[in-house]
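Below is one structure; the comments refer to it alone.
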Amino acid sequence: MHATLIPASDLAIDTDLIRKHDKAGPRYTSYPTADRFVEAYGSAEHAGWLAARNIGGRNQPLSLYIHLPFCANICYYCACNKVITKDHGRSAKYVKYLKKEMDLVARQLQGRSPVTQLHWGGGTPTFLSGDEMTELMAITRDHFEFDPQGEYSLEIDPRSVSRETFDLLGRLGFNRVSIGVQDFEPTVQEAIHRIQSRDETRAAIEAARAVGMKSVNLDLIYGLPRQTSESFARTLDEVIRLEPDRIALYSYAHIPTLFKPQRRILPADMPSPEAKLGLLVQAINTLTAAGYVYIGMDHFARPDDELNIARRQGRLHRNFQGYSTRAECDLVALGISAISQVGPAYAQNVKTLDEYYTLLDAGELPIARGVELSADDALRRALIQALMCHFEVSIESIEIAHLIDFKRYFAAELELLEVYCADGLVTLDAQWITVTPKGRLLVRSIAMAFDKYVRQSAERQRFSKVI
């Protein structure tokens, strides 16, 4: 078939080529990816890189991520690290241990570091009571210096918030919010055990706008059980009526062998691969026709949104929260399973509450594993980041920054790109590698050509498919 052009987003869709090149692979929120982290990298190594921020003027602004894992109810599709509980006393204890972790981190940073981004993720951050949220924000401000022009966001479940909650969030300084929707269709919501009305979602958006939230994002998932083209059209129409600033459209990765709650989803309810691809194409056509711009991967934004402005200006960045506008920041992540990126190193916290509490009681940073990048890792990270964010790589820039002969260094990788070039997904000349409009939905597959670890391993089952 001929590619369907989406001119407003520099995107073209050729379903035959998508089927041909769709394969399991990383989402490249980091490189090396988290499955390559090693236990030999621990608390001492992470402390060293935190302290190194103060050496030689390296003290860049910080992006803070705080993982709040508690949820009152389980959603069957969810693959996040979460704790299902009705006991709100557990979150009160967790906040106190977050303070212990901040104390240890601040001790290494040696002063109130400037923060330009903060994100509370989960789990369900609004599981915390108002007093707990107030306490957590006060603790954070005691340890870090917040930029008045910064981006301060959190994820919410509209079923667990009220107008009063948003009033508090506004007073605490939050100016951005991400609202989980997934799908509005009742039969789909029943299959994934997440019943959420349109009215609840609309009320949450109106409350966010009323307290001055600068950006509202809605999360959707395609490929869920019982989704059909007709039902998803109704969801997309409702989303457009709600007028969010951004939309994240995630592919549902059904891996019940890794995520136990997914075992409650009936295989017979799952859309076929062909139907799932159709849902993606339908969503892209609908959202771009409504004026949203395809940013990359699974993100859409209004033309005047900061994310799209960063895309146009070449400032787009990708980290563990997805696409971001602040490439200059080190990422310090707190709470169970959270992943930090400081200088040329990544560090991931332990995944369970018991481990987290035990290490903090012993006065240790709760690091489970991590990695310090080699020169080769740093080179490949820069290249993959450019592909994922800008859909092109300047060969000369990479050569100057990393002191290599690009075509000699990446001879094997350039050979792997030939199949993508032959299918019109990539163009290659003496100065640039460019992902064409037809290749943009497959940029993960293209980036994998430069991933040394994926090429060395056949263990692709740990990843979801690109589409």
Side-chain angles (χ1 to χ4, degrees), residues 43 62 64-75 78 80-107 112 115 117-144 146 152-174 176-180 194 200 204 207-208 211 261 321 332-340 348-368:
S43 302
L62 285 178
L64 289 183
Y65 173 75
I66 301 178
H67 189 70
L68 301 166
F70 303 100
C71 292
N73 300 289
I74 192 165
C75 300
C78 183
C80 298
N81 186 25
K82 57 199 172 293
V83 176
I84 307 300
T85 182
K86 303 286 187 183
D87 180 2
H88 284 261
R90 299 184 74 180
S91 56
K93 178 179 179 181
Y94 187 72
V95 169
K96 296 186 185 309
Y97 276 84
L98 283 170
K99 180 182 184 303
K100 290 190 176 190
E101 186 179 6
M102 283 189 212
D103 288 343
L104 292 173
V105 168
R107 192 179 306 162
R112 287 162 55 85
V115 169
Q117 284 183 319
L118 168 70
H119 185 73
W120 287 3
T124 306
T126 48
F127 179 94
L128 272 62
S129 69
D131 287 345
E132 289 163 1
M133 288 191 281
T134 301
E135 180 184 2
L136 178 55
M137 185 59 85
I139 291 167
T140 309
R141 289 185 181 274
D142 283 345
H143 289 84
F144 302 96
F146 279 39
Y152 307 119
S153 63
L154 81 162
E155 300 164 12
I156 71 146
D157 181 341
R159 302 171 299 173
S160 64
V161 293
S162 62
R163 284 269 181 177
E164 291 72 25
T165 308
F166 277 100
D167 289 340
L168 172 62
L169 294 173
R171 291 196 301 273
L172 292 179
F174 286 101
R176 287 160 174 76
V177 65
S178 182
I179 299 173
R194 185 189 174 98
E200 286 173 314
V211 299
Q321 281 79 63
V332 170
L334 307 161
I336 60 171
S337 73
I339 303 177
S340 297
Q348 183 171 29
N349 282 358
V350 293
K351 293 186 177 182
T352 69
L353 292 174
D354 286 346
E355 293 173 291
Y356 185 67
Y357 296 155
T358 297
L359 287 169
L360 288 170
D361 281 338
E364 291 186 37
L365 289 167
I367 304 301

Next on the checklist: Run Y356 and K351 through side chain to side chain contact (heavy atoms under 4.5 Å, CB included) and show every step you take.
Outcome noted: CA-CA 7 Å; Y356 185 67; K351 293 186 177 182; over 6 Å; no

Checklist entry - Taking all atoms of both residues into account, what is the closest heavy-atom pair of G123 and P125, and its distance? => result O-CD, 3.7 Å

Item to check | Heavy-atom closest contact (P158 atom, R194 atom, distance) | outcome: CD-NH2, 4.2 Å

Item to check | Side chain proximity check, I336 to Q348, heavy atoms < 4.5 angstrom | outcome: no

Item to check | Heavy-atom side-chain proximity of L334 to V105 below 4.5 angstrom | outcome: yes

Checklist entry - For the side chain of R107 and the backbone of M102, is there at least one donor-acceptor N/O pair under 3.5 Å apart? => result no

May I have the list of side-chain donor-acceptor pairs in residues 65-74 shorter than 3.5 Å, sequence neighbours left out?
from : atom 1 : to  : atom 2 : distance (Å)
Y65  : OH     : H67 : ND1    : 2.8
H67  : NE2    : N81 : O      : 2.8
N73  : OD1    : K86 : NZ     : 3.1

Item to check | Pairwise side-chain contact, H119 with L64, heavy-atom cut-off 4.5 Å (strictly under) | outcome: no

Item to check | Partners passing side-chain hydrogen bond (donor to acceptor under 3.5 Å, both in side chains) against T126 (at least two apart in sequence or in another chain) | outcome: S160

Item to check | Working for side chain to side chain contact (heavy atoms under 4.5 Å, CB included), residues D157 and F127 | outcome: CA-CA 9 Å; D157 181 341; F127 179 94; over 6 Å; no

Item to check | Heavy-atom closest pair, residues C75 and R159 | outcome: SG-NH2, 4.3 Å

Checklist outcome for this item: Heavy-atom nearest pair, E101 first then P366, reads OE2-CG, 3.7 Å

Checklist entry - Just wondering, do M133 and T165 contact through their side chains at under 4.5 Å, heavy atoms? => result yes

Checklist entry - Heavy atoms, side chains only, cut-off 4.5 Å: are I139 and V95 in contact? => result yes

Checklist outcome for this item: The side-chain hydrogen bond (donor to acceptor under 3.5 Å, both in side chains) partners of S43 (sequence neighbours excluded) come to none

Checklist entry - Who passes salt bridge (charged side-chain N to carboxylate O under 4.0 Å, His left out) against D103, sequence neighbours left out? => result K99

Checklist entry - Taking the six-membered ring for Trp, are W120 and F174 parallel (under 30°), tilted (30 to 60°) or perpendicular (over 60°)? => result perpendicular

Next on the checklist: So, taking the atom named CG in L365 and the one named CG in L104, what distance separates them when rounded to the nearest 0.5 Å?
Outcome noted: 5.0 Å

Checklist entry - Are T124 and E155 side-chain neighbours, meaning at least one heavy-atom pair lies under 4.5 Å? => result no

Item to check | salt bridge (Lys or Arg N to Asp or Glu O under 4.0 Å) pairs, two or more places apart, involving residues 355-364 | outcome: K100-D361

Checklist entry - Taking atom CZ of R176 and atom CG of L118, what is their separation to the nearest 0.5 Å? => result 11.5 Å

Checklist entry - Does any pair with a residue in residues 130-141 pass side chain to side chain donor-acceptor pair (under 3.5 Å), and if so which ones, sequence neighbours excluded? => result S91-E132

Item to check | 4.5 Å side-chain heavy-atom contact, M137 and F146 | outcome: yes

Next on the checklist: I'd like to check L359 versus V350 (side-chain heavy atoms, cut-off strictly below 4.5 Å). Are they in contact?
Outcome noted: yes

